Amino acid sequence: MQKFSFNKRLVVTMIILIIGFLLIAFSISVRNNRKAPIFVQQIGNEAGGIVDRVVGVPMNGLGHASDSVKGLYNTYTENKKLKKEVDTIATQKVENQTLKNENKHLKQQLKLNETLSSYSKINAVVLSRTPSSWQDQVVINKGAVAGVKKNDPVVSRKGLVGRVTEVNQTNSKIELLSTSNDSANRFAVRLKGKDGTVINGLITGYSTSKNQLIMGQITSKEKISKGAQITTSGMGGITPQGLLVGKVVRAANDDEGLPAKVYIKPAADFNDLDVVTVARRVD
């Protein structure tokens, strides 16, 4: 039944096309025949106009549809291109920001190095820092080949960060001042009291909750001012004198009212270490 219906529609379509072609041929022959009666020419012209409209409407529709499809494709192509450009701009922006930060840190490190005349400098990049030992140590990309030695102090662009505890040929392990190992923080440091007296002591620990270094074994009874700078004293023969450690936050007195512990805000940011300098004392 469906096949019969299809054949029927096909036959009707063919008949309409044949009639259309005949009308077009008839219209052309009548319009070109100057001897034909006027009313016959009019009939031919009308027939030609009808055929032109019948054929022209779908053709115009196809033309508009083609233009629309072309416009949509051009819009899609342009949109895809713009998305790629936006992605590229975003990527370049991130890369530029990263390079800007790295350049800033390198400038700060170089500025610090210009003030360090009492020791040789070995600049290094932090290679790794595991979450399990985040507060304790980092690994840098310089080792024995570059001249790094065990117990060398290490500074960042802002201040002292720790010392070398393990040296390999091309890398070294740095134990940070923020380590939980209390026996590791034994840098000899000093500050000036209110009357200008030099007060010596040792970095004996670190408070993780307060992010403060602890100075103990204080050798003076002088009062300590809040905000006083703490620097390395150079005692011990390995660490150079004058490396910035931090500033006094507060002093805790013992039962006799004498300074027993000094709490220090570190100059260095232990959570932001990318470029460091190994400082070798030069006597």
Side-chain angles (χ1 to χ4, degrees), residues 105-106 108-126 129 133-140 142 147-167 172-192 198-208 210-218 224 227-249 261-283:
H105 293 172
L106 288 172
Q108 291 174 334
Q109 195 71 24
L110 289 172
K111 185 177 180 181
L112 172 67
N113 288 345
E114 289 174 0
T115 67
L116 305 178
S117 58
S118 61
Y119 55 88
S120 62
K121 302 169 285 289
I122 304 172
N123 293 322
V125 174
V126 175
R129 189 173 187 176
S133 59
W134 186 265
Q135 296 294 334
D136 297 331
Q137 63 188 27
V138 297
V139 177
I140 61 173
K142 295 294 176 67
V148 178
K149 292 186 178 181
K150 188 175 180 179
N151 293 323
D152 283 344
V154 180
V155 296
S156 73
R157 57 189 177 275
K158 295 181 180 180
L160 186 68
V161 297
R163 72 166 79 249
V164 177
T165 57
E166 182 182 316
V167 181
S172 301
K173 187 179 292 184
I174 310 302
E175 188 170 58
L176 302 176
L177 287 173
S178 59
T179 179
S180 56
N181 182 9
D182 294 334
S183 63
N185 299 318
R186 296 298 176 182
F187 279 96
V189 295
R190 69 180 183 178
L191 72 152
K192 288 186 177 181
V198 175
I199 302 172
N200 291 295
L202 296 174
I203 299 297
T204 57
Y206 175 76
S207 173
T208 304
K210 297 180 180 179
N211 185 29
Q212 294 176 356
L213 296 169
I214 302 171
M215 174 183 174
Q217 300 187 23
I218 298 169
I224 297 173
Q229 281 194 344
I230 310 291
T231 60
T232 55
S233 66
M235 295 181 180
I238 297 177
T239 303
Q241 180 181 322
L243 300 180
L244 181 61
V245 177
K247 292 183 178 181
V248 174
V249 175
K261 290 183 179 180
V262 175
Y263 292 88
I264 305 166
K265 180 181 179 181
D269 184 355
F270 302 125
N271 292 318
D272 182 22
L273 298 176
D274 47 11
V275 179
V276 296
T277 298
V278 178
R280 301 218 70 248
R281 182 168 175 169
V282 178
D283 294 321

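None of these values were measured; they are calculated from a predicted model.
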Is there a side chain to side chain contact (heavy atoms under 4.5 Å, CB included) between Ile122 and Thr277? Walk through the geometry before answering. CA-CA 5 Å; Ile122 304 172; Thr277 298; 5.8 Å; no
Would you sort out whether Val148 and Val164 count as a side chain to side chain contact (heavy atoms under 4.5 Å, CB included), showing the intermediate values? CA-CA 8 Å; Val148 178; Val164 177; 3.9 Å; yes
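- The line from NZ of Lys247 to CG of Leu213 is 14.5 Å long, rounded to the nearest 0.5 Å.
- Note that the CG atom of Asp269 and the OG atom of Ser156 stand 8.0 Å from one another [nearest 0.5 Å].
- At least one donor-acceptor pair closer than 3.5 Å links the side chain of Asp152 to the backbone N or O of Lys149.
- Separating the NZ atom in Lys261 from the CD1 atom in Ile224 is a distance of 13.5 Å, to the nearest 0.5 Å.
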Report the C-alpha separation of Leu177 and Phe187 in whole Å, then their side-chain angles, then the decisive distance to 0.1 Å, and conclude whether the side chain to side chain contact (heavy atoms under 4.5 Å, CB included) test is met. CA-CA 9 Å; Leu177 287 173; Phe187 279 96; 3.5 Å; yes
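- The minimum heavy-atom distance between Phe270 and Leu160, with the atom names listed, is CE2-O, 4.0 Å.
- Under the 3.5 Å distance criterion, the side-chain polar atoms of Thr232 are matched with a main-chain donor or acceptor of Pro240.
- Asp274 has a carboxylate O that lies under 4.0 Å from a charged side-chain N of Arg157, or vice versa, which qualifies the two as a salt bridge.
- Closest non-hydrogen pair, Ser178 versus Gln135, comes out as OG-O, 2.8 Å.
- Annotation for Thr231 and Leu244: closest pair CG2-CA, 4.2 Å, computed over non-hydrogen atoms.
- Residues Gln217 and Arg186 form a side-chain contact, since some pair of their non-hydrogen atoms from C-beta on lies under 4.5 Å apart.
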Begin from the C-alpha positions of Met215 and Val189 and carry the test side chain to side chain contact (heavy atoms under 4.5 Å, CB included) through to its verdict. CA-CA 8 Å; Met215 174 183 174; Val189 295; 3.9 Å; yes
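- Thr204 and Gly216 make their closest contact through OG1-N, 3.7 Å (heavy atoms, listed as atom of the first residue, atom of the second, distance).
- A 4.5 Å side-chain heavy-atom check between Gln241 and Arg190 finds at least one atom pair inside the cut-off.
- Here the closest heavy-atom approach between residue Arg163 and residue Asn151 is recorded as NH1-O, 3.4 Å.
- Tyr206 approaches Asn211 most closely through the heavy-atom pair OH-OD1, 2.5 Å.
- In this structure, Asn200 contributes its side chain and Ile218 its backbone to no donor-acceptor pair below 3.5 Å.
- Panel note: side chain Ser172, backbone Lys142; a donor-acceptor pair is recorded below 3.5 Å.
- Looking at heavy atoms from C-beta onward, Val155 lies out of side-chain contact with Lys121 at the 4.5 angstrom threshold.
- Side-chain N or O atoms of Thr165 include none that pairs as donor or acceptor with a backbone N or O of Ile174 at under 3.5 Å.
- A heavy-atom distance below 4.5 Å is not found between the side chains of Pro266 and Val245.
- Counting heavy atoms from C-beta on, the side chains of Ile199 and Val262 never come closer than 4.5 Å.
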